[in-house]
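Presented below is the structure to which this report refers.
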Amino acid sequence: MDQFHTNILELLREDSRRSPAVIATMLGAEEEAVKQAIKDLEDDHVIVKYSAVVNWDKVDENKVTALIEVQITPERGRGFDAIAERIYLYPEVKSVYLMSGGYDLLVEVEGKSLMEVAAFVSNKLSPIESVLSTKTHFILKKYKQDGVIFEDHEDDHRLMISP
Amino acid sequence: MSDYLNPMVRAIPPSGIRRFFDMANASKDKDVITLGVGEPDFVTPWHVRDAAVYGLERGRTSYTANAGMIELREAITEYLYTRFQLEYDPEHEVIVTIGGSEAIDLALRALVGPGDEVLIPEPTYLPYSPLSMLNGGVAVPVETKPEHQFKLQAEDLMAKLTPRSKVLILCYPSNPTGGIMSYEDWLPIAKIVEEHDLIVISDEIYAELTYEGRHVSFASLPNMKERTIVVSGFSKAFAMTGWRMGYVCGHPDLISAMLKIHQYTVMCAPIMGQIAALEALRNGIEEMEKMVESYNRRRRLVVEGFRQIGLPCHEPQGAFYAFPDIRGTGLTSEEFAQRLLREAKVAVVPGHVFGLGGEGFIRCSYATSVNQLLEAIERIGSFIQKI
């Protein structure tokens with residue numbers, strides 16, 4: 001990965017809607033070269049998805065998110081991978097991370113209600129044979145996600161004209 | 001009451017920007033996109049703010065030495081040496097000031113007396129001329145032109161020299177044009193300065209915001225250090241406008257004169273600002289470079305955008321302003337800016353306020369988000385179509 005590709009990734013991470021033409025101008029590059037680089041990054045699964053960061057608190061829809069600490073017994077030969085795969089295939093699981101420290105996997109689960117997430121943990125996650133324990137933390141409020149602060153204090157306080 | 005006023009103050013014309021400034025800032029319209037602000041859209045990096053907060057928590061609220069905390073002056077000289085190959089003695093050749101603005105005022109007050117002529121390449125930052133006049137000096141504009149990328153030309157400078165010429169004020173990278181001067185561009189100017197015994201005030205507040213190659217300080221040219229007062233500060237590169245932290249460097253005799261004025265007027269720069277500035281120099285270079293790269297990307301976008309909508313625009317090589325040519329629209333820069341604000345809700349600064357050579361241009365700061373810049377260019381494009 002060269003600096004050119006890294007620069008493109010930075011610009012798309014800031015705003016994934018930026019067009020290749022805009023990115024090319026910002027980097028002082030040819031549009032075709034940017035298009036090709038983006039295609040390469042997509043083909044290589046460096047860019048895996050384009051998505052929006054949403055502040056769901058402002059949307060009139062029930063949605064709860066929980067972070068679940070999971071302790072597991074790793075499998076001989078496949079370590080944590082097989083059990084991680086088993087967990088991440090559930091559609092209600094949004095992300096799974098292998099962690100250092102006091103537990104093994106951190107699982108982000110999204111549901112319509114507290115009860116729905118609780119049901120997922122008790123009916124699907126906990127019964128898995130290698131799962132030793134789970135600890136569920138419900139997210140009460142999101143202040144910042146993916147580098148974006150959700151509160152409305154990012155207004156431009158500068159004067160409209162200054163010398 | 002105006003009879004009581006100092007005649008020199010009375011003689012200063014009101015700022016050309018003021019009327020437009022009032023009109024624009026009175027607008028509470030949230031939909032207005034402003035390209036009018038000459039300050040970073042970044043907030044001062046957190047570690048810098050935190051250093052000041054921690055200083056206050058530890059009760060650091062006292063006066064400092066008149067010239068500023070010695071460790072800050074040392075950090076400034078080390079920074080100037082590392083970044084721009086300028087060597088100054090922190091004990092006798094540096095004063096920490098209240099922004100670059102105080103530094104400019106100090107330099108002019110120390111140098112300019114009644115009848116002295118001050119050469120000012122224009123279009124340029126507004127205060128040089130009135131501050132010269134406050135001391136009884138005569139401001140002499142020297143026009144710089146788009147066909148020369150707004151670089152100062154030796155022959156244009158020569159044409160304005162008289163036996164009363166004393167000071168030359170340089171502002172490169174330039175506010176408002178974004179023009180810069182290379183080493184080769186400087187050489188003939190330095191020759192004139194030496195031959196005609198001029199003193200130079202070099203406002204280098206935008207030095208770090210130089211996009212192709214490195215900034216060349218006028219003081220770094222052969223024999224020019226003695227004749228040059230370097231003015232700079234933290235506002236632009238470190239996103240610290242509101243802290244009002246600047247500095248001035250020069251020959252010990254000149255600095256000593258400036259220090260007299262400084263100690264009788266402001267005593268010393270505020271200590272919390274000095275603590276923040278020290279943190280910025282010690283640990284803020286990397287973050288500053290990231291901000292500069294961000295301006296650079298927006299610069300390319302804005303210049304390309306103006307050209308695409310039919311406004312000729314020379315390529316600014318420094319600062320964070322584009323200075324497109326609006327002469328083709330048939331409007332004056334004031335008419336253009338006023339109508340653009342009213343009809344397209346985009347605020348820009350009319351070029352005429354920056355002095356000779358500014359008419360026919362508008363200053364557009366690209367220290368604004370990419371999406372806002374794209375939207376602003378689209379609106380300006382539609383506005384031009386309708387004229």
Side-chain angles (χ1 to χ4, degrees), chain A residues 1-38 41 46-47 50-55 58 142-163, chain B residues 15-30 32-41 43 101 125-127 175-176 211-212 241-242 290 293-294 296-305 307-308 337 341 347-350 353-354 363 365 367-374:
Chain A
M1 179 87 56
D2 60 14
Q3 193 57 47
F4 179 57
H5 287 75
T6 311
N7 289 343
I8 291 173
L9 289 174
E10 265 177 30
L11 291 175
L12 283 174
R13 200 176 164 207
E14 275 174 17
D15 183 352
S16 62
R17 290 184 308 168
R18 273 178 192 154
S19 68
V22 165
I23 292 171
T25 310
M26 289 175 82
L27 296 178
E30 292 296 323
E31 188 178 342
E32 278 312 307
V34 172
K35 277 185 182 162
Q36 185 58 49
I38 292 176
L41 289 163
V46 176
I47 295 173
Y50 296 94
S51 67
V53 176
V54 179
N55 184 356
K58 291 199 167 182
K142 283 188 184 176
Y143 292 99
K144 185 176 181 180
Q145 186 185 336
D146 288 350
V148 184
I149 295 169
F150 282 174
E151 293 292 315
D152 294 330
H153 50 55
E154 287 199 284
D155 287 347
D156 192 343
H157 296 294
R158 298 175 300 168
L159 298 169
M160 197 164 279
I161 301 284
S162 70
Chain B
S15 160
I17 205 172
R18 178 52 57 182
R19 192 160 44 91
F20 189 69
F21 174 94
D22 290 342
M23 179 183 140
N25 283 298
S27 167
K28 298 276 184 254
D29 194 337
K30 286 255 178 203
V32 171
I33 297 174
T34 178
L35 309 182
V37 277
E39 70 178 309
D41 60 334
V43 177
S101 307
Y125 180 52
L126 278 67
N175 171 9
Y211 302 109
E212 313 287 339
T241 49
K290 278 190 200 155
E293 182 50 34
S294 174
N296 190 12
R297 290 171 178 175
R298 296 184 241 177
R299 173 183 74 110
R300 295 191 187 110
L301 202 63
V302 163
V303 172
E304 178 66 21
R307 288 175 182 169
Q308 275 180 5
L341 181 62
V348 299
V349 183
V353 305
F354 301 103
R363 190 191 75 172
S365 161
T368 295
S369 76
V370 169
N371 288 343
Q372 293 261 292
L373 290 172
L374 291 171

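Note that the coordinates shown come from a computational prediction; the quantities given were computed from them, not determined experimentally. In the text below, chain A, chain B and the rest are named by the order of the sequence lines, each starting its count at 1.
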Give, as side chain, backbone, both or neither, the part of B/Val353 having an atom under 4.5 angstrom from any heavy atom of chain A.
neither
Other residues, nucleotides, ligands: >12 heavy atoms within 6.0 Å of A/Tyr50 OH
yes
If one checks every heavy atom of A/Glu14 against chain B at 4.5 Å, the contacting part turns out to be neither
Charged N to carboxylate O below 4.0 Å: is that the case for A/Lys35 and A/Glu30?
no
Sort A/Asp15 into side chain, backbone, both or neither according to what part of it lies under 4.5 angstrom from a heavy atom of chain B.
side chain
Region of B/Leu374 that comes under 4.5 Å of a non-hydrogen atom in chain A:
side chain
Heaviest contributor of heavy-atom pairs below 4.5 Å to chain A, chosen from B/Ile33, B/Val32, B/Asp41, B/Val349, is B/Asp41
Can you tell me which portion of A/Ile23 sits under 4.5 Å from chain B's heavy atoms? Options are side chain, backbone, both or neither.
neither
Segment of B/Ala367 engaging chain A (4.5 angstrom heavy-atom cut-off):
both
Results of side chain to side chain contact (heavy atoms under 4.5 Å, CB included) for B/Val43 - residues two or more places apart only:
B/Arg49
Any carboxylate oxygen within less than 4.0 angstrom of a Lys/Arg side-chain nitrogen, looking at B/Glu304 and B/Arg300?
no
Mind checking what makes side chain to side chain contact (heavy atoms under 4.5 Å, CB included) contact with A/Gln145, not counting sequence neighbours?
A/Val53, A/Lys142, A/Phe150
Between the OG atom in B/Ser365 and the CG atom in B/Leu373, the distance rounded to the nearest 0.5 Å is 8.0 Å
